[in-house]
Structure formats: structure tokens, C-alpha cells
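What you see is a predicted model; the values in this text were computed from it and never measured.
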Amino acid sequence: MLQTAFIRENREKVIQALGKRNFDATPLVDEVIALDEKRRATQVELDTVLSESNKLSRDIGELMKAGEKAKAAIIKEKTVQFKDKSKALGETLDEVTEALTQALYKLPNTPADIVPEGKTPEENVEVHLEGDIPVLHEGAMPHWDLAKKYDIIDFELGNKITGAGFPVYKGKGARLQRALISYFLDKNTDAGYKEYQVPHLVNEASGYGTGQLPDKEGQMYHAGLDDLYLIPTAEVPVTNMFRDVILQENELPVLCTGYTPCFRREAGSYGAHVRGLNRLHQFDKVEIVRIEHPDKSYEALDGMVEHVKTLLQELKLPYRILRLCGGDMGFASALTYDFEVFSTAQDRWLEISSVSNFETFQSNRLKLRFRDKDGKNHLAHTLNGSSLALPRVLAGILENYQTPEGIVIPEVLRPYTGFDIIN
């Protein structure tokens, strides 16, 4: 979340920046400032009362030593009043602090200066385009038909077991899926990312820590009996490993990667654009997360973009990179680049990765800090990216690599699959 002091000292700047998201922040910003003023005033009053109470306690002690019990008893009556007042002030302070926190939770991150204006995905800015779009043979199919033809993904079986959006991968389809996971993890670890296996359920504190709660509560599956949430991305458990942690400056940067299944309710998703692998409720993804010094986080973001580029270059898939406009960015992001692969059979672009810098937005919630050489603590910057999300990469491979003889496996994946064609 945004820092209270920054909002208080930069009211107009915050309102203007959030306006780039088409978010009218004025009421919330003014509420935050008013609650913060009340919190600080209450704290000062409480500190004064506690100071006076402590002074009286010392006076009582001195009077008792001097044998002046009557005077001590009179002062003791005053301390009872101070205790009642301090208790009431403490309760008020807790209430105001909680109200302030809840108000801060509702404010999205301020976009970076280079984030373009815009309200819709159509206003995102293309910053890179690479790869030749293949010309498919006559009778080429979309991936959902290819999956049925070669019996590698069964959407109907998944619907029987669970419901729509939970496919079953079979045979060479399952092996290709496993190959992609291993390939992505190997590429990430080779690039210096440390691999983690993390829980697939998280507690409420973790959801708040990375900004999924309260913003995306309706999109997350909730195990109510245990009050746990199925993760929408590995970003949540991986980043929360560092909640309430103070790193030393020389420990930065911290690079993490992990594979997990991801679970998203995707409420309201329907129509042809979500057919097949285009949008699922459960899917596999390999994630990269970085914790960076604030001075180096945007350099790190560029490095993450270049890293994801290499994956798509080696897979030889046509792709483009978009800098998201203010109206299309995620709640917690300061700057996001989306990668999209071209689905030749569908004749449309499919998002396969988002790479984002959150600056201090998550670390302020997480209380994730680093200590500099002078012993001062500072909020770190957090970043994350998909490297990569599997369903649409798989869709792109199936469609772009199809031939009359079968689906050719990208050369870089063959050591992982053990076969070079699906037929």
C-alpha cells in the first residue's frame, strides 16, 4: 500500500497519479489524511497522559519513602483517572489505526511516469514485436480441436471431474506440459534465480501482503473452514516468504523462482475468447520474483523482460510486448509489461506473461525492509513476472507448430519431452 507520510505530503501528486488509472482518489486520499491527523493527535494525547501517569507513579514512590502516606493516597486516586483515560485513548487509537489501514488498502499503487494514459487494453503501447507468424496449411485447427484430434487434452473429462476450466492433460500432452515446466525452471535457475517449492494455499495475511486482498477477493478460491486461499499465482507465497524480514543491503538482490498450479475463479468469464486453454480456473505457471534495492529495481525490471524474451526466442514463437496503460494495470503495479504470443489458428494475440515492478507498494504491506551500511532501514522494491504461464504457451505451440503430419515439438523442448512430434 502507499505510505501514509507520502500521501500526506504529496496529496495533489497522488490524486493526479491515480487519475492515470481513471481512479478518483480524492475522497479516499482526504479520508486517509483526516484519519492520519486523528491518529497522530490521539497518539500525542496518549503519550502525554502516559507521561503524566508515570510522573505521578514516581511521585507516589517518593512520598511513600518519605512516610507521607496520606499525600500518596491522594495522588494515587489521580493515577486511576489517568489509567482510565489512557485506556480509552488506546482503544480510540486502535480504532483509528485500523480505519486508516482499511482506507489505505483501497488505494491502488501510483503508476510510474512512463505508464501511458488510457482506459482499455486497446490503449496499451506496443514496445516490441518479434518472430514470423507462420502460414498454416489448409485445414489447420485451433488448439482445442488439435487437443481432441491427438487425444492430448480432455476438456470434457475435466468438466466431468470438476467443472469447466479444469482440463485433463493426457499422454504426450501431459509430457509436453511437464517439459515446459522443467525447461522454464532450468532457464530461470541458470539465470541466477533460486528455486523454491511453496504451499499452494496461503493465509489471509499473505493475501494482504502482496495485494490480492482485499482487491481480488472475489477471484480467489477460499477454503472457509480453515480460512485459507488457493493461490492465484506463485508470487503470493514466494514474496510472502520475506514478510516481516529485514535484509542486509549486501543480500540484495534476492532472486526466486517457483512452479505452482494457479487457481482463479475468473468470475464473469464466458464466450469464445475463453475457449480451450485461453482461460482456465486451474493452470500451471512458473514465476520469477525479485527483491531489489530501490535504486536498481527498474534496471532489474528491464533484465526480467529480456529474460522472458529469451524463452520465447528459443521456443520460436511470434510475440509482442506491451507497456500497459494506466487503466489496464494491476492494482499493485507501478509499471507492467505484458507479453503476448500470436495464436495463428485463432488469429489473435494471447497474453502469456506480465512482468511488473511494484516499487514499495507490496513491501510496505509486508514490512519487507533492508538495512543499509549506516544501519538505517528502508523499504525494498518487489518485482515479479510469469516465466511463463503454460496454457497459452501450449496453445501457441500446438497451433503454430501444427503440420499435416502432426504437431512438431520446438527443438529446445525435445530433450525434455523425449519425442519430436505429436501425431
Side-chain angles (χ1 to χ4, degrees), residues 121 124 127-128 130 177-198 200 210-212 216 219-220 230-240 255-264 266 277-292 300-315 317-324 328-343 349-358 362 382-397 413:
N124 295 333
V127 296
H128 186 76
E130 186 172 344
Q177 184 89 338
R178 177 157 51 93
L180 282 165
I181 294 167
S182 296
Y183 165 66
F184 292 148
L185 285 172
D186 284 352
K187 290 292 292 184
N188 294 346
T189 54
D190 288 347
Y193 291 86
K194 185 175 182 178
E195 183 178 349
Y196 291 87
Q197 286 191 356
V198 291
H200 300 161
T210 43
Q212 277 66 35
K216 294 182 174 64
Q219 293 293 321
M220 297 172 71
L230 276 72
I231 60 170
T233 166
E235 168 204 347
V236 181
V238 171
T239 311
N240 270 279
L255 283 69
C256 310
T257 187
Y259 151 71
T260 65
C262 304
F263 304 88
R264 300 183 186 179
E266 299 287 5
L277 297 173
N278 289 352
R279 184 161 296 175
L280 302 174
H281 295 304
Q282 177 182 327
F283 61 93
D284 291 322
K285 183 154 68 82
V286 176
E287 195 82 357
I288 50 177
V289 170
R290 295 178 73 116
I291 301 167
E292 290 281 348
L301 180 67
D302 291 340
M304 293 169 74
V305 169
E306 291 301 315
H307 176 69
V308 175
K309 274 186 183 180
T310 64
L311 303 178
L312 294 166
Q313 289 165 350
E314 290 190 1
L315 289 170
L317 289 171
Y319 73 95
R320 67 177 182 177
I321 305 175
L322 305 175
R323 183 184 296 134
L324 297 193
D328 198 35
M329 285 205 314
F331 184 84
S333 174
L335 177 63
T336 295
Y337 290 101
D338 267 8
F339 284 74
E340 296 182 338
V341 67
F342 192 75
S343 168
W349 293 98
L350 302 174
E351 180 197 334
I352 54 167
S353 175
S354 287
V355 182
S356 302
N357 188 348
F358 304 106
Q362 289 182 332
T382 61
L383 305 90
N384 88 279
S386 309
S387 145
L388 289 163
L390 269 69
R392 294 172 184 173
V393 172
L394 187 57
I397 290 172
L413 294 179

Using side-chain heavy atoms (C-beta onward) and a distance below 4.5 Å, is [X] in contact with [Y]?
X: M304; Y: Y193; value: yes
X: Y337; Y: L301; value: yes
X: V393; Y: F184; value: yes
X: I321; Y: E130; value: no
X: N384; Y: V238; value: no
X: H307; Y: N188; value: yes

Give, for atom [atom1] of [X] and atom [atom2] of [Y], the distance between the pair rounded to the nearest 0.5 Å.
X: L315; Y: L180; atom1: CG; atom2: CG; result: 7.0 Å
X: L383; Y: L255; atom1: CG; atom2: CG; result: 9.5 Å
X: M329; Y: L335; atom1: CE; atom2: CG; result: 7.0 Å
X: D284; Y: R178; atom1: CG; atom2: CZ; result: 12.0 Å
X: S386; Y: E351; atom1: OG; atom2: CD; result: 7.5 Å
X: T210; Y: Q362; atom1: OG1; atom2: CD; result: 5.5 Å

Between [X] (side chain) and [Y] (backbone), is there a donor-acceptor pair under 3.5 Å?
X: T189; Y: D186; value: yes
X: R320; Y: H128; value: no
X: S182; Y: A179; value: no

So which atom in [X] and which in [Y] form the shortest heavy-atom distance, rounded to 0.1 Å?
X: F339; Y: V305; result: CZ-O, 3.4 Å
X: I181; Y: V286; result: O-CG2, 4.1 Å
X: F331; Y: G211; result: CD2-O, 4.3 Å

*Run the salt bridge (Lys or Arg N to Asp or Glu O under 4.0 Å) check on E314 and K187 step by step: do they pass?*
CA-CA 11 Å; E314 290 190 1; K187 290 292 292 184; 2.8 Å; yes

